[in-house]
Amino acid sequence: MERLLSNKKFLLIAVIAVIAAVLAIYFIPLGSHALLEPDEGRYSEIPREMIETGNFITPMLNYVKYFEKPVLLYWMNAASFMAFGQNEFAARFATALCAVAGAFATGMFGAWLFAGTGGLLSGVVTALSLLYFAIGTINITDMPLGFFLTIALASFYVGHISRDKRWYLLFYAAMALGLLTKGLVAIVLPGGVIFWYIILTRKWKLILEALYIPGIILFFALSVPWFYLVCRDNADFFHFFFIQEHFLRYATKMHNRYEPFWFFLPMIPAGIMPWTGFLCALFSGKSAARSPENSAARDANLYLFLWFAVILIFYSFSSSKLIPYIVPCMPPLAIFIGADISRMLKREEWHGGALIWSLGIALLFSTALIGYAFLGKELPSSVTLPIAVKVTAGLLIGPIAAAICTSGGRKNFKTAVLMLCVSSFLFIFGLQGIYRIMGETRSMKDVSNVIIKEWRPGDTIATYGEVMQGIPFYTKHRAMLVEHMGELEFGAKHKEGEGWFVSSADFRETWHNETKPYILVIKDDSIDRLFPDGNPGEKKRVNVRDYVVLFNREEK
């Protein structure tokens with residue numbers, strides 16, 4: 001009895017410590033670096049313009065229509081801006097909240113499936129893994145989608161096994177919110193997982209059971225109103241959003257994001273770091289994945305495997321591939337790993353060479369990091385070496401400490417697992433320095449600060465050759481695009497775009513005639529393309545990294 005109470009006390013303390021650590025590492029650093037180009041600038045500017053214009057139905061980017069994504073993340077970010085102000089912390093808050101909630105939901109589902117400490121460890125592995133953390137602390141749609149997919153797939157399985165259809169309300173609600181976050185993929189992916197689960201288990205009654213009328217009504221009640229309103233106000237929304245941005249984007253190379261079929265395969269072991277050694281251990285015949293304890297665990301394993309495999313295969317067939325797409329693959333892997341570590345803890349033995357794999361991968365990755373710190377030419381070693389040392393410590397401390405705790409006849413597996421968790425926290429903490437570097441090299445904040453300092457009423461901001469997403473957000477002013485439309489091509493064709501997308505020749509004419517005061521942002525190596533004679537004739541020039549800010553007006 002005393003041992004049981006002790007175990008419960010230990011688990012309670014562990015849960016509190018994990019929650020506190022995860023909250024700290026996800027939320028405290030959110031405002032410590034500038035918005036990253038191009039995604040964070042885009043997903044911050046759209047809700048900023050919603051607040052400014054009062055139009056929360058039609059998304060606008062740089063003041064032209066932008067229909068590539070649905071509206072929910074914009075609404076969440078707008079609410080965050082109204083609560084915390086228009087800053088970097090607020091821009092990332094909704095995404096980080098989804099990440100933390102998703103890790104918590106994964107842990108709860110893992111505990112429901114496998115009991116014991118497996119659930120807690122599932123949440124830890126999810127929250128403190130490389131890809132999940134990286135995507136969970138930047139302002140993009142993939143983590144909110146991953147959260148809603150996690151809720152949908154977990155609630156469906158709980159409803160199915162418990163025979164409690166009320167869980168299907170959550171299932172349908174989560175799919176509706178996922179649809180409002182990133183489109184039809186929020187229906188296709190859960191539908192694919194459930195379809196193959198029914199086929200492989202031959203649970204044909206589940207088809208009718210899942211068609212829960214109250215849930216279907218809730219789905220349409222949540223998802224239809226915005227689609228109706230945006231289609232009512234914008235006749236061309238339906239074709240662009242559903243045909244071009246779904247079917248054509250998936251089936252063609254229109255966005256120049258083609259990668260080979262196997263592109264995501266190496267991303268899985270890399271993305272789950274520092275738990276990759278335990279991912280390898282899942283192939284052992286002793287693992288929770290390969291030797292389930294009973295038929296219920298066997299069915300759960302099949303469902304988790306399909307959750308992972310269907311999403312991975314779906315995106316692997318796509319002609320458009322980006323690394324964040326596979327974030328929804330992480331929770332089922334984390335549950336497998338959490339359940340397997342829990343089994344090792346219970347049996348007081350490692351299997352599948354888990355520690356050997358962990359130590360070997362840590363040594364390999366650490367060597368590469370330290371080598372890059374000394375040999376890399378992009379950044380000085382004084383900048384990269386401290387980061388490499390912190391990340392290396394996070395990778396090595398856990399498996400080394402775990403090996404010491406469980407070698408030479410010692411059976412301190414509880415301490416060993418605790419050290420692995422602490423080590424994963426140190427690994428994630430070490431990654432923070434990378435964000436600071438990216439905030440200095442992949443942001444338009446420093447350029448925007450120059451514009452803000454020099455701004456005069458009547459000035460027009462112009463950018464050449466690319467969409468610099470952060471400039472409108474930081475300056476709170478629209479930017480003219482010269483010789484480039486990019487992802488704003490659709491919006492440029494509407495009346496809102498008239499006069500704001502110009503050719504190089506037209507821009508040069510007004511620039512040299514000084515008929516309009518311009519603040520031009522251009523890369524240093526692009527000046528000769530815009531001004532073939534190599535002489536812009538600017539009245540003032542400010543250099544910012546690879547960019548040059550030029551002014552065609554006289555200084556007062």
Enter the distance from [X]:[atom1] to [Y]:[atom2] here, rounded to the nearest 0.5 Å.
X: L396; Y: L426; atom1: CG; atom2: CG; answer: 11.5 Å
X: F314; Y: I326; atom1: CZ; atom2: CD1; answer: 14.0 Å
X: F507; Y: T460; atom1: CZ; atom2: OG1; answer: 9.0 Å
X: T441; Y: D446; atom1: OG1; atom2: CG; answer: 9.5 Å
X: T392; Y: I387; atom1: OG1; atom2: CD1; answer: 11.5 Å
X: T126; Y: M330; atom1: OG1; atom2: CE; answer: 9.5 Å

Shortest non-hydrogen contact between [X] and [Y], atoms and distance:
X: P324; Y: I135; value: CG-CD1, 3.8 Å
X: G178; Y: A186; value: C-CB, 3.2 Å
X: T150; Y: G102; value: CG2-O, 4.2 Å
X: S423; Y: G398; value: OG-N, 3.0 Å
X: L36; Y: R92; value: N-NH2, 4.3 Å
X: V548; Y: L550; value: CG1-CD2, 3.3 Å

Practice prompt. Indicate, with yes or no, if the rings of Y518 and F551 have centres closer together than 6.0 Å.
Written response: no

Discussion item. In this structure, is the centre-to-centre distance between the rings of F133 and F427 below 6.0 Å?
Written reply: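 No, the ring centres sit 6.0 Å or more apart.
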
Item to complete: Would you check, one step at a time, whether the test side chain to side chain contact (heavy atoms under 4.5 Å, CB included) holds for I428 with Y132?
Response: CA-CA 10 Å; I428 295 299; Y132 193 89; over 6 Å; no

Practice prompt. Would you mind checking if E498 and K495 are paired as a salt bridge, meaning a charged N to carboxylate O distance below 4.0 Å?
Written response: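 No.
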
Fill in: Presence of salt bridge, E483 and R529, under 4.0 angstrom
no

For the pair [X] (side chain) and [Y] (backbone), establish whether a donor and an acceptor sit closer than 3.5 Å, ignoring hydrogens and angles.
X: D459; Y: W455; value: no
X: Y372; Y: T384; value: no
X: S503; Y: D506; value: yes
X: R545; Y: E440; value: yes
X: N139; Y: T95; value: no
X: N234; Y: D236; value: no
X: E45; Y: F473; value: yes
X: W511; Y: E538; value: no
X: R508; Y: L530; value: yes
X: S80; Y: A90; value: yes

Within a strict 4.5 Å, meaning less than it, do heavy atoms of the [X] and [Y] side chains meet?
X: I519; Y: R553; answer: yes
X: V64; Y: R478; answer: yes
X: L179; Y: P70; answer: no
X: D142; Y: K182; answer: yes
X: V185; Y: L145; answer: yes
X: F365; Y: L395; answer: yes

Would one find more than 12 heavy atoms of other residues, nucleotides or ligands at under 6.0 Å from atom [atom1] of [X]?
X: K476; atom1: NZ; answer: yes
X: F490; atom1: CZ; answer: yes
X: F263; atom1: CZ; answer: yes

Discussion item. Whether the Y435 and T137 side chains hold a donor-acceptor pair (N or O, under 3.5 Å, no angle test) is what I'd like checked.
Written reply: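 Yes, side-chain donor-acceptor contact under 3.5 Å.
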
Practice prompt. For the residue pair T58 and D233, confirm or rule out a side-chain donor-acceptor distance under 3.5 Å.
Written response: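 Side chains of T58 and D233: no pair found under 3.5 Å.
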
Fill in: Parallel, tilted or perpendicular: ring planes of F237 versus F67, cut at 30 and 60 degrees
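Taking F67 first and then F237, their aromatic rings stand perpendicular (interplane angle over 60°).
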
Worksheet item: Is the W226 ring parallel, tilted or perpendicular to the F241 ring (thresholds 30°, 60°)?
Response: perpendicular

Worksheet item: Testing E487, E68, E49, E37 for salt bridge (Lys or Arg N to Asp or Glu O under 4.0 Å) with R42, which one passes?
Response: E487

Discussion item. Run L333 and W275 through side chain to side chain contact (heavy atoms under 4.5 Å, CB included) and show every step you take.
Written reply: CA-CA 10 Å; L333 288 184; W275 304 96; over 6 Å; no

Practice prompt. Determine the sole option in F264, W262, F261, Y325 for which the ring pair (Phe, Tyr, Trp, His ring centres under 6.0 Å) test with F317 is passed.
Written response: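 Of all the options given, the one that passes is F261.
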
Discussion item. Run the side chain to side chain contact (heavy atoms under 4.5 Å, CB included) test on N449 and Y474 for me, step by step, so that the C-alpha distance in whole Å, both residues' side-chain angles and the decisive distance to 0.1 Å come before the verdict.
Written reply: CA-CA 8 Å; N449 286 337; Y474 283 116; 5.8 Å; no

Worksheet item: Going through the checks in order, is the side-chain hydrogen bond (donor to acceptor under 3.5 Å, both in side chains) test met by T53 and Y63?
Response: CA-CA 10 Å; T53 63; Y63 297 88; over 6 Å; no

Worksheet item: Taking it one step at a time, do Q469 and L61 satisfy side chain to side chain contact (heavy atoms under 4.5 Å, CB included)?
Response: CA-CA 9 Å; Q469 304 281 14; L61 177 58; 3.6 Å; yes

Item to complete: Using the ring pair (Phe, Tyr, Trp, His ring centres under 6.0 Å) rule, take F27 and F93 through it: C-alpha gap first, then chi angles, then the decisive distance, then the call.
Response: CA-CA 7 Å; F27 288 105; F93 179 80; 5.5 Å; yes

